[in-house]
Structure formats: structure tokens, C-alpha cells
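All remarks here apply to the structure that follows.
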Amino acid sequence: MTRRSLEEIKARADEFADAFENYDPKPGDQDSAIPPIMAVKLAAWRRDAAESELAEAVKAARDKRLSWREVGDAIGTSGEAARQRYSAGA
């Protein structure tokens, strides 16, 4: 592996920043296939974001005194399973 100087790294970073800032999407760009590993990483990130959003929604529902049974029904599980997963002590 070739070692790069700090100046070379900064110059390359500036090139990437310029390319990003000046990117002009073309029709169909949003439909371009992404490499499979990036698709996996994106799906995992989305799952984590959804789990975080769900946990916040469950907390808000419980703060409004919804029962664990109601919460469980809303997410497609039992009230006990919802309590075990999302209660503050879990």
C-alpha cells in the first residue's frame, strides 16, 4: 500500500467534496443498482432507524397509558412480548 501525504489526502478529499457539491443527477440515477453489500448496509441502517422509531412510539403510547396488550396488538405481538422488549427494565 502506498502511503499518502497529508496534502495528497486533503487534495483528494477536496476532489470528492467538489464532485458531491456539483453533482447534477440525471434521469434514472435514483434507480441505479447499488452493490449488494451496500444494499445490506442500507437495509440494516433502515432497520435500526425503524426500531428506534418504534421504541419511541411505544414509550409515547405507554406515557399515554395504553396497555401493553394494546401496544402488542398494534405491533403484531402479544402484550407480554411487547412489555418484555420495550419496558424500561428490559
Side-chain angles (χ1 to χ4, degrees):
M1 180 187 323
T2 305
R3 292 187 56 92
R4 293 183 174 90
S5 71
L6 185 57
E7 290 75 25
E8 290 172 319
I9 293 170
K10 286 180 181 178
R12 190 72 173 137
D14 286 341
E15 288 176 29
F16 284 126
D18 288 343
F20 178 77
E21 290 170 2
N22 297 318
Y23 176 68
D24 185 21
K26 293 167 186 51
D29 278 357
Q30 71 275 11
D31 298 324
S32 297
I34 62 173
I37 195 64
M38 290 305 298
V40 170
K41 288 179 179 184
L42 179 58
W45 179 84
R46 287 178 176 158
R47 180 200 58 209
D48 291 346
E51 280 293 331
S52 179
E53 183 180 351
L54 179 56
E56 290 174 17
V58 168
K59 182 182 180 323
R62 291 292 296 154
D63 288 348
K64 295 292 184 182
R65 305 266 193 215
L66 270 71
S67 71
W68 281 116
R69 184 185 58 74
E70 292 172 301
V71 171
D73 286 347
I75 60 177
T77 191
S78 69
E80 178 62 16
R83 185 193 62 75
Q84 288 175 359
R85 175 147 189 162
Y86 297 104
S87 69

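Remember, predicted model here, so these are calculated numbers, not experimental data.
- Residues forming a side chain to side chain donor-acceptor pair (under 3.5 Å) with Asp14 (at least two apart in sequence, or on another chain): none.
- Criterion: ILVMFWY side-chain heavy atoms under 4.5 Å apart, direct or through other members. Under it, Leu66 and Trp68 are part of a common hydrophobic cluster.
- The stretch residues 53-67 participates, sequence neighbours left out, in these salt bridge (charged side-chain N to carboxylate O under 4.0 Å, His left out) pairs: Lys59-Asp63.
- Remark: Pro25 pairs with Tyr23, Asp29 by the side chain to side chain contact (heavy atoms under 4.5 Å, CB included) rule, at least two apart or across chains.
- Residues passing the side chain to side chain contact (heavy atoms under 4.5 Å, CB included) test with Ala55, sequence neighbours excluded: Tyr86.
- By the side chain to side chain contact (heavy atoms under 4.5 Å, CB included) test, Phe16 is found to be paired with Arg12, residues two or more places apart in sequence or in another chain being considered.
- Legend: residues meeting salt bridge (Lys or Arg N to Asp or Glu O under 4.0 Å) with Glu80, ordered by chain and number and at least two apart, are Arg83.
- Within the structure, no pair that satisfies the side chain to side chain donor-acceptor pair (under 3.5 Å) test touches residues 33-48, not counting sequence neighbours.
- Residues forming a side chain to side chain donor-acceptor pair (under 3.5 Å) with Ser67 (at least two apart in sequence, or on another chain): Glu70.
- Scored by the side chain to side chain contact (heavy atoms under 4.5 Å, CB included) test, Asn22 finds Asp18 as partners (sequence neighbours excluded).
- Counting all heavy atoms, side chain and backbone alike, Arg85 lies closest to Glu51 at NH2-OE1, 3.0 Å.
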